[in-house]
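Following: one structure in structure tokens, then a few remarks.
Every chain is numbered from 1 and lettered A, B, ... according to where its sequence line falls, protein lines coming before strand lines.
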Amino acid sequence: MDFFSNIVKIMQKYWQVFLVQGISYTLLLSLLTVAFGAVLGLLLYLGRTVRFKPLNWLCIAIVEVIRGTPMLLQLYVGYFIVPKILPFQVTEFTSVAVALCINSGCYVSEIFRSGIQAVDKGQTEAARSLGLNSRQTMFRIILPQAIKNILPALGNEFIMIVKDTSLASTFFVGELMTACLKVRGNTFLAMECMTIVGVIYFVLTFILSKLLGSFERRLKAND
Amino acid sequence: MTENLIETVDLHKSFVIKGKETLHVLRGVSEHIAKGEVVSIIGPSGGGKSTFLRCLNLLERPEQGKIIFEGVEITNEKVDINLHRQKMGMVFQHFNVFPHLSVLKNITLAPVLLGKRSQAEAEEQAKALLNRVGLLDKKDEHPGRLSGGQKQRLAIVRALAMEPDVMLFDEPTSALDPEMVGEVLDVIKALVKSGMTSVIVTHEMGFAREVSDRILFMDGGIIAESGKPDDIMNNPQNPRTKEFLSKVLY
């Protein structure tokens, strides 16, 4: 029973570290990652499809390298490289966030690709046969339909990222896993701390996936 | 001779299948389509009918040969094909209506986007067109709620909204349930009677015979026979035409 009373005691003393600081940093990091990742993902996707071979190759290479190396390694690279190349002072949080965004952008570009390719080719043909150019076809006909394939997958990516941000604790940026490490260091109660963050992560992702589910049903209802 | 609207000169098109096998679909198609003429293309599957039709507005780019539309050689790389496509309406086997737009928006999108009409004008025109094909009460629905026949009628008026000089029909009734074929054919018949130049790829022999000024029989990537509907149907000269017709006309 010590276990549960310890959890209660930890929460009484450190609830702010977990529930305020931890959750807000985790969500902030995830939101930044998804938002910038989506923009980067779209750029990478477009870079792969425009009629300019070197750019195609570059974008494909970036995606393949990022997808083929561990995220933790990328975070280390981001942590050491980003402060060196940016002209202004950056915090660890920013460096890690940049690395996460790049990582996510590569996965998101694949989400865009599959979502766009899933739109029937006949739609492009119909639009082009009316005289629309390729840009008008993409933005008026294809993307509005692809978005229905893309958004659910993007939501899943968001949930994945919430969990993946735990890797950022390696650099003590203040998100949930950092909170866990800190409190563990103060109390020497490892199992209890891990249980607490485990439950928080689960509740966060569970709520997100439920929200996503209802959102998806609404998208379908509009068809 | 009447004025040519479309002229093709020695079109060749082949497709590479799975990176190795090359399928030579068009093997030199030269043809004239006159203004106001209604031409049906019949023939066995794989004979090149649809490919020929899709070459006319360059949905497929022939690797050899010329297409001259309204006096312009559109196969020339320097020509802005988008401008010429506005003058060539196309109707597809699988309708290809835009599922994310309302019926009305399906029709108004292109004329408004391409600066042909203001939104208000385009809507007036779209309503008139929908009324013509009996779909006015569906104007605010999404296409997902329409039957196949209704979708195809929508696809036809969507193309008409651009006021094309020619309409290309790619097996417009092949994907329809049998009871809906009639309603779509009626729309096409009415259109053809109004003098619209049309090229129709079809398997509906009775329909082709009724509406066409001329029938082309395509097989093996060439136009094997061409002539007046009654001549082709009753008295085919080419043995392949004879064989095909004996299979499809009972």
Which answer fits V97(B), side chain, backbone, both or neither, if we ask what part of it has an atom under 4.5 Å from a heavy atom of chain A? backbone
Over 12 non-hydrogen atoms of neighbours within 6.0 angstrom of NZ in K105(B): no
Taking side-chain contact (heavy atoms from CB on, under 4.5 Å) as the criterion, tell me which of L143(A), I141(A), I147(A) meets it with H100(B). I141(A)
Apply side-chain contact (heavy atoms from CB on, under 4.5 Å) to Q86(B) and L130(A), showing your working. CA-CA 5 Å; Q86(B) 295 182 21; L130(A) 287 166; over 6 Å; no
Atom CZ of F206(A) with >12 non-hydrogen neighbours under 6.0 angstrom: no
Under 6.0 Å from the CZ atom of R48(A), do we count more than 12 heavy atoms belonging to anything else shown? yes
With only heavy atoms counted, which part of N133(A) is less than 4.5 Å from chain B, the side chain, the backbone, both or neither? both
Nearest-0.5 Å distance, CD of residue Q136(A) to CG of residue L114(B): 5.5 Å
Between R158(B), M90(B), M162(B), which shows the greatest number of heavy-atom pairs under 4.5 Å with chain A? R158(B)
Atom OH of residue position Y45(A) - does it have more than 12 heavy atoms of other residues, nucleotides or ligands inside 6.0 Å? yes
Say whether, by atom type as modelled, one donor and one acceptor occur between the side chain of N96(B) and the main chain of Q123(A) under 3.5 angstrom. no
Enclosure of R140(A) CZ (heavy-atom neighbours >12, cutoff 6.0 Å): no
Measuring from atom CG of L113(B) to atom OG1 of T137(A), what distance do you get when rounded to the nearest 0.5 angstrom? 9.0 Å
Side chains of E125(A) and R54(B): does their closest heavy-atom pair fall under 4.5 Å? yes
Say you draw a straight line from CD of Q145(A) to CZ of F98(B); how long is it, rounded to the nearest 0.5 Å? 8.0 Å
About how many Å separate CG of L58(B) and OG of S129(A), when rounded to the nearest 0.5 Å? 12.0 Å
Does a side chain donor of either R128(A) or N82(B) reach within less than 3.5 Å of an acceptor in the other side chain? yes
M160(A) atom CE, neighbour heavy-atom count above 12 within 6.0 Å: no
Within a radius of less than 6.0 Å around CZ of F171(A), do more than 12 heavy atoms belonging to other residues, nucleotides or ligands occur? yes
Side chain, backbone, both or neither: which part of L109(B) has an atom under 4.5 Å from a heavy atom of chain A? side chain
Criterion side-chain contact (heavy atoms from CB on, under 4.5 Å) on R85(B) and L132(A), from CA distance to verdict: CA-CA 9 Å; R85(B) 279 188 181 135; L132(A) 272 61; over 6 Å; no
Got more than 12 heavy atoms from elsewhere within 6.0 Å of CD, Q89(A)? no
